[in-house]
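See structure below.
All values below come from the heavy atoms of this structure, side chains included, with hydrogens, waters and symmetry mates left out. Model, not experiment: these values are computed from the prediction.
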Amino acid sequence: MAGERSLDHYLLGPLTPGCLVTIKNIERELICPACKELFTHPLILPCQHSICHKCVKEILFFTLEDSFTDLGSESSNQSSPRIRIHSPSLDRIDRVNRSGWKRNSLTPRTTIFPCPGCRHDVDLGERGVNGLFRNFTLETIVERYRQAARAATAIMCDVCKPPPQESTKSCMDCSASYCNECFKIHHPWGTVKAQHEYVGPTTNFRPKILMCPEHEMERVNMYCEICRRPVCHLCKLGGSHANHRVTTMSTAYKTLKEKLSKDIEYLISKESQVKGQISELGLLMKETECNGERAKEEASSNFDKLFDVLEERRSAALRAIQASKNLRLEKLQTQIEEYQGFLENSGLVGYAQEVLKETDQSCFVQTAKQLLVRIQKATESLKSFRPAAQISFEDYVVDITKQEEVLGDLSFYSSGLDVPEINEEKSRMYNKALICWEHLVKEDSADTYILEYRKLNREGENATWQEIEACSKSKVISDLENSSSYAFRVRGYKGSVCSPWSREVILHTPVAPVFSFLFDDKCGYNSERLMLNPRRTSVESRAGFPLLLGAERIQAGCYTTLDYIIGDTGITKGKHFWAFHVESYSYLVKVGVASNTKLQEWLHNPRDVTSPRYEQDSGHDSGSEDTCFDSSQPFTLITLGMNKFFIPKAPTAPKDSANRILPMPSCIGICLDCDRGKVGFYDADHMKCLYERQVDCSGTMYPVFALMGSAGIHLEEAITAKYLEYRDDM
């Protein structure tokens, strides 16, 4: 309304000289944590921190580029209409088509990135940047700050003829600035424009009404207390906030304003206390400066001592090497001089030639006897030539491997910092590595952590340690090689003080890229005897009323068939791995793979609950697995149950089945290699192959599960960034 003051006025008041100083003092709060510049169109993240609109898009772009690397190993050519990736590029589609799946990838669109302010992962959800609110209040404050910074620069009228006059007010409805004369001309009294809202000269024009980012035509009129964000009535009726606790916008406004005002009044009332604490902090800074210099001197002194020790050892080693070198050179020189005497007319040979000229027999014999011994020794020396000294200095190589490792760990140790230990039960390897650790003595004794990992090679030559920083007690690591073993260790840091390294923990990656799928709730799914969870990652079999009706018609015994459920994704080529858990109470479960043609035969033919032999693989000693052991069939199933893993019987195997029964692993993995026509069953915790056989992969292969009696199967969930839980401070 004309004559009303805008929110800008109530927020910061008119730009008086005192206000300019106040505005300039809050610059720290107006800097984007990503670009380190003043906010431009700031958006509010789920963690309540703000970031520039362009910065969010740039961060998502680089995060999406990094995620393409993982997509190539986890995606396949698929035919289901359920698309999870938004607007893929042609290159990306080509990569997906070459990988061999039969429907779109379950890999979610990359909208997860670390907040530049708090470093926690935030998920923007399906709508991405479009689902974020624009922080108009912060935008207004930034604009006021810019005006204070350029107070000498006036905002000119947007409609004046050249030369424009200095503006005196801005219309929020017209998004333009006017001088007095132009404002009267364009907002004549008695017209609709006269009712427009105007403020002091500004370049920040924002909407008068805050609209819902999910329902763009709806005005936000409620506040979700769970998500701590404004919502519209459609969000509450059937949207993502349907089951959340909401309140009216006026109530939320009143509550937040009262709380903020109360906290601000408290801080203002403690101004003298704050000034005293600032003075105390100034003294602490000086004391810190002195203590820091003293610590630098002590550290320098300790390193000087190490340098002295190293210099002493260096000098001793060099002296020993020089003495050995001189001795060897002396021996070799003597040998050279000796061999030079073997030459004609020189040395021993020349002397012997002169002796041969002696004609007096007695004198010759007297001299030649001793000379003959020397000549014979020279002859033997020529026949078995050997240098008088070794030329290698292998014995003088300084081994610094252990010392180098110790020096590499040289840091500021503190007895008060507890050593973190990696929790092997919570840590796991699947499509990525999730490493969790904890403090056994003192909780939260470290501020940050350094997690190191390296690949263990079978040849014994381990790779160098790679490190990654973590602010919490868990970390997800990507880009690990398949069918490999990795060692992990972690240490805590509190400031510049660090703890010793934790005990190394070795984990094993899957033998092939992880294959993602869900249970199919349509093809062959028996809803009367099977129960799926809403996410379609778990299935349980239950005995219902139809089973009782079937038993009523049978006089002697009751046989039931297996209830099949398959994965909703097919495989045509490549090597893939998936894992799952079977409940310990399960009576009988069969797991494996089967082709689409075999599944049609199993799932679409009528079944007779009274016949145990009708089922293709009912589990009642049908012998279907045994009879086809030597031939390559388009399916392979193994039996689990009663906490046991049953290896299929080979035709030549003895009748004793004790060797075929193993304890059931807590996590079971299946590896299907379509290119080689093999399927393997693994203890997924230790990546140990329990059973492997040939399988005909000429058709489209699907993961197959079958349950009888009381049983439960849970698919291993892919490791992704978790949703961040925020505390509700209201």
Measuring from [X]:[atom1] to [Y]:[atom2], what's the distance to the nearest 0.5 Å?
X	Y	atom1	atom2	answer
Glu469	Leu451	CD	CG	11.5 Å
Lys270	Glu265	NZ	CD	13.5 Å
Arg229	Cys212	CZ	SG	7.5 Å
Cys436	Phe488	SG	CZ	11.5 Å
Ile264	Lys259	CD1	NZ	12.5 Å
Ile51	Leu43	CD1	CG	8.5 Å

Could you verify whether a donor N or O on one side chain and an acceptor N or O on the other, from [X] and [Y], lie under 3.5 Å apart?
X	Y	value
Ser177	Ser167	no
Ser50	Asn135	yes
Thr248	Thr251	yes

>> Using the rule given for side-chain contact (heavy atoms from CB on, under 4.5 Å), can you reason through Phe133 versus Val220, listing the C-alpha separation, both sets of side-chain angles and the distance that settles it, and then say yes or no?
In response: CA-CA 11 Å; Phe133 278 106; Val220 294; 3.8 Å; yes
>> Could you walk me through whether Glu225 and His244 satisfy the side-chain contact (heavy atoms from CB on, under 4.5 Å) test, starting with their C-alpha distance in whole Å, then the side-chain angles of each, then the deciding distance to 0.1 Å, before giving a yes or no?
In response: CA-CA 7 Å; Glu225 297 181 353; His244 292 182; over 6 Å; no
Can any side-chain N or O of [X] pair as donor or acceptor with the backbone N or O of [Y] at less than 3.5 Å?
X	Y	value
Thr40	Cys52	no
Ser499	Gly492	yes
Asn431	Ile719	yes

Shortest non-hydrogen contact between [X] and [Y], atoms and distance:
X	Y	result
Ala433	Leu480	CB-CD1, 3.5 Å
Pro188	Ala194	O-CB, 3.4 Å
Val122	Cys115	CG1-CB, 4.3 Å
Tyr266	Ser269	O-OG, 2.6 Å
Glu218	Leu234	CG-CD1, 3.5 Å
Cys157	Pro164	O-CB, 3.7 Å

>> Regarding Lys262 and Glu258, does a basic nitrogen lie under 4.0 Å from an acidic carboxylate oxygen?
In response: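 Glu258 and Lys262: not salt-bridged.
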>> Strictly below 4.0 Å, N to O, side chains only: are Arg134 and Glu139 in salt-bridge contact?
In response: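 So Arg134 pairs with Glu139 through a salt bridge.
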Using side-chain heavy atoms (C-beta onward) and a distance below 4.5 Å, is [X] in contact with [Y]?
X	Y	answer
Arg245	Cys224	no
Ile468	Lys475	yes
Ile31	Glu37	no
Met429	Tyr486	yes
Pro163	Met156	no
Val159	His186	yes
Asp447	Tyr493	no
Glu438	Pro420	no

> Between Thr168 and Asn180, does a side chain to side chain donor-acceptor pair (under 3.5 Å) hold up when you go through it step by step?
Replying inline: CA-CA 6 Å; Thr168 58; Asn180 283 330; 2.8 Å; yes
>> For residues 282-295, which residue pairs pass the side chain to side chain donor-acceptor pair (under 3.5 Å) check, not counting sequence neighbours?
In response: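 Listed once each, the pairs are Asn291-Arg294.
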> If you count the non-hydrogen atoms of other residues, nucleotides and ligands that lie under 6.0 Å from NZ in Lys54, is the total more than 12?
Replying inline: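 It does: Lys54 NZ has more than 12 such atoms within range.
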> Counting only heavy atoms not in Glu181, do more than 12 fall under 6.0 Å of its CD?
Replying inline: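 No - once you tally the heavy atoms of other residues, nucleotides and ligands closer than 6.0 Å, there are 12 at most.
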>> Please determine whether salt bridge (charged side-chain N to carboxylate O under 4.0 Å, His left out) holds for the pair Arg491 and Glu452, giving the CA-CA distance in whole Å, both sets of side-chain angles, and the decisive distance to 0.1 Å.
In response: CA-CA 9 Å; Arg491 75 180 348 167; Glu452 286 194 344; over 6 Å; no
> Residues two or more places apart in sequence or in another chain: which of them pass side chain to side chain contact (heavy atoms under 4.5 Å, CB included) with Lys193?
Replying inline: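 Partners of Lys193 by the side chain to side chain contact (heavy atoms under 4.5 Å, CB included) criterion, ordered by chain and then number, come out as His187, Thr191, His196.
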> Please walk me through it: do Asp479 and Lys432 pass salt bridge (charged side-chain N to carboxylate O under 4.0 Å, His left out)?
Replying inline: CA-CA 7 Å; Asp479 304 326; Lys432 300 178 182 179; over 6 Å; no
> Quick check, are the ring centers of Trp437 and Tyr449 under 6.0 angstrom apart?
Replying inline: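 Ring centroids of Trp437 and Tyr449 are less than 6.0 Å from each other.
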> Given Val246 and Tyr223, is the side-chain contact (heavy atoms from CB on, under 4.5 Å) satisfied, shown in steps?
Replying inline: CA-CA 5 Å; Val246 299; Tyr223 183 81; over 6 Å; no
> side-chain contact (heavy atoms from CB on, under 4.5 Å) between Ile44 and Leu132: does it pass, once the steps are laid out?
Replying inline: CA-CA 6 Å; Ile44 303 176; Leu132 297 178; over 6 Å; no
